[in-house]
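Please read these numbers as outputs of a predicted model, since none were measured by experiment. Chain identifiers are assigned alphabetically (A, B, ...) following the order of the sequence lines, protein sequences preceding nucleic acid strands; residue numbering begins at 1 within each chain.
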Number of protein chains: 2
Amino acid sequence: MGKITIKDVAALAGVSVGTASMALNDSPKVSAETKKNVMAVVQKLGYRRDPYARSLSLSSSRSIGFLAPGFRNPFFGEVAEALQLAVEERNNSLMFGITNDSTEQEAKIVDQFLDRGVDGLIIIPAEDSEPDLSHIRNLLNHDFPLVFLTGYYPEIPFHAVMADLAEGSYELTKGMLLAGLRNIIMIAGNPALIPFRERIEGFRRALDECGAAFDESKVIISDGMSYEGGYAAIDKVYDEIKPDGIIAINDVMAMGVISRLRSKGIRVPEDVSVAGYDDISVSSIQETPLTTVEQPIALMCSEAVDMLFAIMEGRAAPEGVVRLPVSVRHRRSAKTG
Amino acid sequence: MGKITIKDVAALAGVSVGTASMALNDSPKVSAETKKNVMAVVQKLGYRRDPYARSLSLSSSRSIGFLAPGFRNPFFGEVAEALQLAVEERNNSLMFGITNDSTEQEAKIVDQFLDRGVDGLIIIPAEDSEPDLSHIRNLLNHDFPLVFLTGYYPEIPFHAVMADLAEGSYELTKGMLLAGLRNIIMIAGNPALIPFRERIEGFRRALDECGAAFDESKVIISDGMSYEGGYAAIDKVYDEIKPDGIIAINDVMAMGVISRLRSKGIRVPEDVSVAGYDDISVSSIQETPLTTVEQPIALMCSEAVDMLFAIMEGRAAPEGVVRLPVSVRHRRSAKTG
DNA sequence: AATCTTGATTGAAACGGTTCAAAAGGAGGA
DNA sequence: TCCTCCTTTTGAACCGTTTCAATCAAGATT
């Protein structure tokens with residue numbers, strides 16, 4: 001028994017292939033009567049349109065690609081879920097690829113996705129210290145629908161959606177200063193990369209504004225953006241600097257920081273205030289609930305998807321970054337004024 | 001300027017479309033000379049094969065679908081990464097869908113994936129208390145390539161890969177008993193579901209074997225398999241039972257348990273031993289490193305992918321569960337003999 | 001010089017839909 | 001009865017590949 005095609009349906013329903021197709025697509029050109037018949041046959045035969053043939057005809061696969069650094073950090077997991085939701089609302093599917101923060105890997109996956117015929121791409125930029133962006137340039141040259149999420153590559157014209165990270169660290173720092181902290185440090189990553197640069201900038205602005213001395217030594221560049229990274233950063237600088245406030249670049253890292261401080265017998269927040277970034281779901285229910293900057297994930301994702309579809313449908317907004325407001329979650333891990 | 005097709009390539013290279021196609025596919029039937037020419041033209045034109053036409057011809061999209069409950073629990077994130085790796089080795093792509101532990105949602109996504117033309121499916125079964133499995137039955141009736149990962153639906157013939165969970169909790173419990181603990185409880189989920197049932201079974205076996213009384217009251221059925229769930233479970237039963245050992249069904253939950261115990265002033269492991277399941281990456285670097293059962297994620301994933309491809313290529317192993325060995329990671333959160 | 005191999009190339013038929021100009025049918029008006 | 005105007009339906013072209021029987025060209029064999 002061969003595959004059931006639309007021909008079989010048409011034959012059994014006593015109509016032409018064209019009519020059958022239109023019936024399937026609920027076209028207004030075919031009578032209600034005929035539609036019903038065709039549908040009945042479809043039911044009976046268990047017919048299902050061939051997606052490849054359909055895609056070929058329509059030149060769309062109704063699927064979009066999503067590149068993320070990975071899913072060990074629950075923040076990206078939450079983004080994935082939100083994105084999935086937003087995409088599904090439009091009856092599209094998501095393919096995902098893991099870049100491991102390497103633009104080389106990113107390029108490979110983009111290539112693979114193009115070979116699979118995705119209609120558009122949503123990319124969380126890899127935090128690669130020596131990015132090679134030819135693949136992205138290539139996409140943009142071909143007007144391939146693309147939006148960056150959570151950051152962007154500054155060398156490149158783009159559509160991007162991100163949280164207002166600078167504002168977040170500005171407010172957070174301001175709060176700490178108001179609470180009387182005077183030796184605040186930030187544990188960040190490579191400042192050449194937008195998401196870090198922006199966080200650092202807000203931090204600096206707050207310090208400057210309050211007449212507290214900002215200098216490079218207050219920004220610790222950590223290599224791993226992970227729990228382990230937070231752990232290690234404390235080992236590296238705590239004894240030397242003896243800060244009274246620590247802002248980590250993300251929550252997972254902040255947890256590593258707290259964990260390491262505790263095991264050294266340092267109390268949080270009595271001896272040191274610690275804050276994170278992202279408000280991942282476990283942050284609020286830690287033994288010491290974490291003060292953190294919440295990124296509006298759901299909003300960012302639906303905005304990104306909206307934007308992508310706008311591009312795909314040719315009603316593209318002008319290129320640029322949409323920055324969505326963050327909210328500082330004041331909890332127990334940090335003293336804030 | 002229209003789309004560049006293989007015709008353009010063929011024309012410019014001065015060969016027929018058939019030859020061009022074969023050259024692209026590196027077929028041995030075309031001469032090295034010709035291949036080189038064709039490739040040169042491809043380069044020059046920036047030609048790229050149309051994936052839809054290709055899929056139609058080959059009736060394969062070289063992509064497979066992956067359904068998971070979600071990615072907030074880093075365990076699933078790690079699975080996703082491992083799976084991605086395994087799939088990529090075979091030059092395939094992964095589409096993913098989030099079931100939120102609802103078989104209804106699962107059915108929807110499966111449907112969507114079929115409409116996208118995935119070649120096969122890897123499913124982490126939804127932990128749904130009233131599963132509706134008609135969609136799965138349907139797939140199997142049509143011999144659609146499918147493997148379950150991390151569990152399976154017992155009502156259904158299947159291919160599945162999972163860790164030997166029973167053995168894991170058996171060993172873990174045995175260790176605790178050896179350390180002299182006598183009032184061990186397990187925080188689990190609905191025992192109708194395989195992954196929970198198996199964990200409970202190992203727990204029970206260990207207790208039975210050591211003459212410790214097993215009874216239903218030692219298995220606390222929690223509703224949320226999350227950090228919050230662990231937190232809540234302690235609130236619910238700790239004061240009443242006063243256990244000296246607690247085995248949580250997964251690490252995230254165990255962390256919730258520890259966190260709640262600590263905030264009640266109960267020491268871990270001095271007053272209560274706590275263990276988890278999965279060995280997600282943060283478990284080892286907690287303030288109190290977590291004793292846990294490691295599931296061999298990478299192995300499970302590559303095994304699942306192997307199995308799926310075997311099915312797709314018709315060299316299917318007989319149906320059944322492949323159970324991979326776990327290892328108990330003895331760390332500080334629990335006394336083990 | 002005629003025939004046989006062998007390897008490379010061609011051309012057309014799939015693959016399974018969608019779309020749209022043209023044809024058919026039916027109702028209403030003159 | 002004949003003509004128009006609509007609504008439905010038809011049938012063929014098209015989407016861009018892959019595949020494979022048939023053809024071709026050029027040496028090798030007799």
Side-chain angles (χ1 to χ4, degrees), chain A residues 1-42 45-63 91 112 114-119 142, chain B residues 1-42 45-63 91 112 114-119 142:
Chain A
M1 178 206 87
K3 185 177 183 191
I4 303 165
T5 79
I6 200 171
K7 283 185 195 170
D8 303 316
V9 174
L12 195 51
V15 299
S16 75
V17 170
T19 304
S21 171
M22 289 166 115
L24 259 322
N25 289 318
D26 200 24
S27 151
K29 305 180 71 179
V30 16
S31 72
E33 174 74 3
T34 307
K35 272 181 200 169
K36 218 180 52 184
N37 291 342
V38 171
M39 286 314 182
V41 173
V42 165
L45 257 39
Y47 167 73
R48 169 154 224 145
R49 283 182 288 204
D50 181 303
Y52 312 135
R54 206 167 142 72
S55 285
L56 175 56
S57 249
L58 300 174
S59 51
S60 154
S61 60
R62 298 189 78 71
S63 63
N91 270 304
Q112 205 188 101
L114 293 182
D115 275 348
R116 298 291 176 280
V118 297
D119 294 342
H142 288 68
Chain B
M1 177 205 90
K3 186 178 181 191
I4 303 164
T5 77
I6 201 171
K7 282 184 196 171
D8 304 315
V9 174
L12 195 52
V15 298
S16 75
V17 169
T19 305
S21 171
M22 289 165 116
L24 259 321
N25 289 317
D26 199 23
S27 150
K29 303 181 75 180
V30 15
S31 72
E33 173 72 2
T34 307
K35 273 182 202 170
K36 217 181 53 186
N37 291 342
V38 171
M39 286 314 184
V41 173
V42 165
L45 257 39
Y47 167 74
R48 168 155 225 146
R49 303 214 261 320
D50 180 304
Y52 312 134
R54 206 167 142 73
S55 285
L56 176 56
S57 237
L58 300 174
S59 51
S60 154
S61 59
R62 299 190 77 72
S63 63
N91 269 303
Q112 205 188 102
L114 293 182
D115 276 347
R116 299 291 175 279
V118 298
D119 294 342
H142 289 67

*B/Y52 OH to D/dT17 C1': how many Å, rounded?*
14 Å
*For A/K7 and D/dG11, what is the distance between atoms NZ and C1' respectively, to the nearest whole Å?*
12 Å
*Carboxylate-amine/guanidinium proximity below 4.0 Å for B/D115 and A/R62*: no
*What is the minimum heavy-atom distance between A/L114 and B/P51, and which atoms define it?*
O-CG, 3.8 Å
*asked:* Using a heavy-atom cut-off of 4.0 Å across all strands, would you classify A/S55 as base, sugar-phosphate, or nothing?
replied: nothing
*Shortest non-hydrogen contact from B/A20 to B/V15?*
N-CG2, 4.1 Å
Can you pull every protein N or O that's under 3.5 Å from an N or O on nucleotides 19-24 of chain D?
none

*5' priority, DNA chain C, between B/S16 and B/L56 [closest heavy atom]*: B/S16
*For the student: nearest non-hydrogen atoms of A/T5 and A/Y47, plus distance*: C-CE1, 3.5 Å
*Measure from the side-chain N and O atoms of B/K35 to the backbone N and O of B/M22, and report whether any donor-acceptor pair falls under 3.5 Å.*
no
*Closest contact, heavy atoms only, A/S55 versus A/S60*: OG-O, 3.1 Å
*Which atom pair, heavy atoms only, marks the closest approach of A/V30 to A/T34?*
CG2-CB, 3.8 Å
*Hey, where on DNA chain C does chain B first and last touch, going 5' to 3'? Cut-off is any atom under 4.0 Å from a heavy atom.*
C/dA8 to C/dG16
*Nearest-nucleotide wise, let me know which of B/A20 and A/P28 is further upstream toward the 5' end of DNA chain D.*
A/P28
*Closest approach of B/S61 to A/Y52 (non-hydrogen atoms, all atoms of both residues)*: N-OH, 3.5 Å
